[in-house]
Amino acid sequence: MADIRAFLGKFKITRSLKVRLFVIMFLLGIAPSIFIRAGILENYESRAVEVRTSDVQTQLRIIANHLITYNYLQDTSSEVIGAELEQLSNLYNGRVLIINGNLKIIKDTYGISEGKTIISEEVIRCMKGTNTVNYDAVNGFIELTIPIVETVSAQTATQELPEGTELVRGVMLTSVSTDTIVATIDILNRKALIVEIIMVVVIFALALVLVQILIRPFERVTKAISEVKEGYTNEPISVPDYLETEHIVDAFNSLLERMKALDDSRKEFVANVSHELKTPITSVKVLADSLLAQQDAPAELYREFMKDIAEEIEREDKIINDLLALVKLEKTAAQLNISVININELTEIILKRLRPIARKKNIEVTLISKREVTAEVDEVKMSLILTNLVENAIKYNQEQGKVEVTLDADHQFFTVQVADTGIGIPEDAINHIYERFYRADKSHSKEIGGTGLGLAITRSALVLHRGSVKVDSKVGEGSVFTVKIPLTRVLV
Ligand code: ADP
């Protein structure tokens, strides 16, 4: 079965739904006519043979009675009987043999075998009183025997043979031709064949038209999808003819929607990147232009403006670095450089690196390790996650504030909680903080120096580790970021 399918699969045309439907319809269409023809003709033949047999038997029975009446078995000179036999053999195009009790043929309508003795199974069985009928379909004749019976009358009755006893005196053996039946079947067959050919042609045409109509909605789906592909339209397509086409179209429309969302996000990203990169450049240009506009500007002014220019360039550099980090994370999505890392040590190293920045605002950074945690993670990406969170906790904190990093684990996940006593995040901003370039507090962001990319980077790195992040925050009181990552690498 699989072999046949593989073989058929090689021919493209057999994989066409159109061709398959057509073949099925065509075969189902012509099958009944073939079966009906065969069935009717077969039935006709047996019925015709039956009728012919019973007709001949009736005739023979009448003649058999006459044979007894005219005492034909003793004296074959009766013209009446001769005429009757002649008529019968003419009527049915057959041969009649009359055999007496000694199995001797006393009359043969063909005149060939008279005087001979016949010993055949049928004749002997018939002598005992049984009719026999044989139909020879190949040679086209029916052979039948009927006994010639004499009924003992009141005058001839004796002690041994009481009145009414039936005595078989001889046998009539007849063969009649079935040529006319065969001829009728031939005619019927020819007519049926003509009807069948007409039906085949009609069904062929009908199946062809029907298949075209049935398949049309699928062609419409392909056409609609092509139009979207060519870019003529961006609208959702609709082919509601069948449930099946509706399902295909629904699936396509949701794919289209997703592609549109991706495209929109890409456009927005490009616009944001351009804008973010342009801002420092514009400032640099304004600063440089105003310096150039002033002739003999004092050296202090130069120094001051150059300091501002250097700051803007530094900011540009930071944005570019963050962008590169983000793009790299998204590009090498599948490539994680996994190794077994002691998370306590890694966190300690990161806090050590960030403490000098915290000290500027007199912020105290503490690590609470509830247990030793070792996990299968990508060290660089894990560092990015932790650095960004702790950096934010310091950046968005108050003077004399506190940052508390808590490490914990269960048998499946480890968690890093970064709690600060900072400005907090407004409720309506919470859902947006992971978006690229989003900043909750735009007025302060410049002095704080955020790019709006830190949490986007954190989330991308977390997704790669099959981890998650959640935030609890109250404006003016502080925020708590909790990161949850599987201890072992989850294979997808
Ligand atoms: P940024 O480079 O601006 O810090 P992030 O993506 O790291 O960008 O953060 C996005 C925004 O989320 C920030 O601009 C800030 O408004 C808010 N945010 C992040 N962390 C905190 C925090 N610990 N406390 C208060 N606000 C925060």
Side-chain angles (χ1 to χ4, degrees), residues 255 258-259 261-266 268-270 272-273 276 318-351 353-354 367 369 371-393 395 405-419 425 430-439 450-472 479-492:
L255 177 72
R258 191 167 148 61
M259 275 167 52
L262 280 177
D263 198 41
D264 286 350
S265 124
R266 183 187 60 83
E268 195 192 304
F269 181 56
V270 172
N272 285 341
V273 168
E276 295 294 328
K318 198 164 165 3
I319 296 173
I320 290 173
N321 281 338
D322 277 0
L323 265 177
L324 284 178
L326 188 63
V327 169
K328 212 163 132 201
L329 269 179
E330 284 174 2
K331 201 170 81 183
T332 55
Q335 295 170 7
L336 272 183
N337 201 359
I338 299 290
S339 52
V340 179
I341 302 290
N342 183 322
I343 304 294
N344 307 67
E345 279 173 20
L346 183 72
T347 317
E348 191 58 67
I349 294 168
I350 288 164
L351 294 190
R353 212 184 292 149
L354 293 174
L367 171 63
S369 289
R371 65 191 76 229
E372 279 294 302
V373 181
T374 46
E376 294 173 11
V377 292
D378 181 318
E379 188 174 1
V380 178
K381 292 177 179 104
M382 193 63 222
S383 302
L384 272 177
I385 296 171
L386 295 174
T387 310
N388 279 329
L389 290 178
V390 179
E391 216 173 40
N392 279 352
K395 272 196 304 193
V405 181
T406 314
L407 254 181
D408 198 2
D410 58 18
H411 62 287
Q412 244 186 325
F413 297 94
F414 72 92
T415 52
V416 186
Q417 202 180 62
V418 183
I425 307 166
I430 289 236
N431 287 332
H432 299 286
I433 53 175
Y434 303 103
E435 289 168 15
R436 293 171 293 199
F437 295 113
Y438 182 83
R439 292 178 203 111
T451 59
L453 291 171
L455 286 180
I457 293 172
T458 303
R459 206 182 33 190
S460 286
L462 267 174
V463 167
L464 289 182
H465 284 95
R466 314 257 144 211
S468 61
V469 57
K470 78 175 206 292
V471 198
D472 285 315
S479 319
V480 182
F481 281 79
T482 312
V483 163
K484 191 172 165 188
I485 298 176
L487 285 166
T488 47
R489 173 96 183 100
V490 185
L491 290 174
V492 258

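Owing to the predicted nature of the structure, the values given are computational and were not obtained by experimental measurement.
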Give the intermediate values and the outcome of side-chain contact (heavy atoms from CB on, under 4.5 Å) for residues Val483 and Ser468. CA-CA 6 Å; Val483 163; Ser468 61; over 6 Å; no
Can you tell me how far the [atom1] atom of [X] sits from the [atom2] atom of [Y], to the nearest 0.5 Å?
X: Glu391; Y: Leu386; atom1: CD; atom2: CG; result: 12.0 Å
X: Gln412; Y: Thr488; atom1: CD; atom2: OG1; result: 7.5 Å
X: Leu487; Y: Ile343; atom1: CG; atom2: CD1; result: 8.5 Å
X: Ile341; Y: Thr347; atom1: CD1; atom2: OG1; result: 11.0 Å
X: Gln417; Y: Phe481; atom1: CD; atom2: CZ; result: 12.0 Å
X: Lys470; Y: Ile430; atom1: NZ; atom2: CD1; result: 11.5 Å

Pairwise side-chain contact, [X] with [Y], heavy-atom cut-off 4.5 Å (strictly under):
X: Asp264; Y: Glu268; value: no
X: Leu323; Y: Val273; value: yes
X: Leu464; Y: Asp378; value: no
X: Ile425; Y: Ile433; value: yes
X: Ser460; Y: Leu326; value: yes
X: Glu379; Y: Asn337; value: no
X: Tyr434; Y: Ile457; value: no
X: Val480; Y: Val418; value: no

Minimum heavy-atom separation for [X] and [Y], please, with both atom names.
X: Ser383; Y: Ile350; value: CA-CD1, 3.7 Å
X: Met382; Y: His465; value: N-CE1, 4.5 Å
X: Leu329; Y: Ala461; value: CD1-N, 3.9 Å

Has the side chain of [X] got a donor or acceptor atom that lies under 3.5 Å from a matching backbone atom of [Y]?
X: Asn388; Y: Leu384; value: yes
X: Arg436; Y: Phe269; value: no
X: Thr451; Y: Leu453; value: yes

Run the numbers on Phe413 and Ile485 for side-chain contact (heavy atoms from CB on, under 4.5 Å), then give the verdict. CA-CA 5 Å; Phe413 297 94; Ile485 298 176; 5.9 Å; no
Thr415 and Asp408: side-chain donor and acceptor closer than 3.5 Å? no
Would you please say whether a donor-acceptor pair under 3.5 Å links the side chains of Asn342 and Glu372? yes
So Asn392 and Leu455, side-chain contact (heavy atoms from CB on, under 4.5 Å) or not? Walk me through it. CA-CA 9 Å; Asn392 279 352; Leu455 286 180; 3.7 Å; yes
Ion pair check, Arg353 and Glu348, cut-off under 4.0 Å: no
Apply side-chain contact (heavy atoms from CB on, under 4.5 Å) to residues Val377 and Phe414 and explain how you reach the verdict. CA-CA 11 Å; Val377 292; Phe414 72 92; 4.3 Å; yes
Working note: Glu276 + Arg439, criterion salt bridge (Lys or Arg N to Asp or Glu O under 4.0 Å); need CA distance, chi angles, decisive distance, verdict. CA-CA 12 Å; Glu276 295 294 328; Arg439 292 178 203 111; 2.9 Å; yes
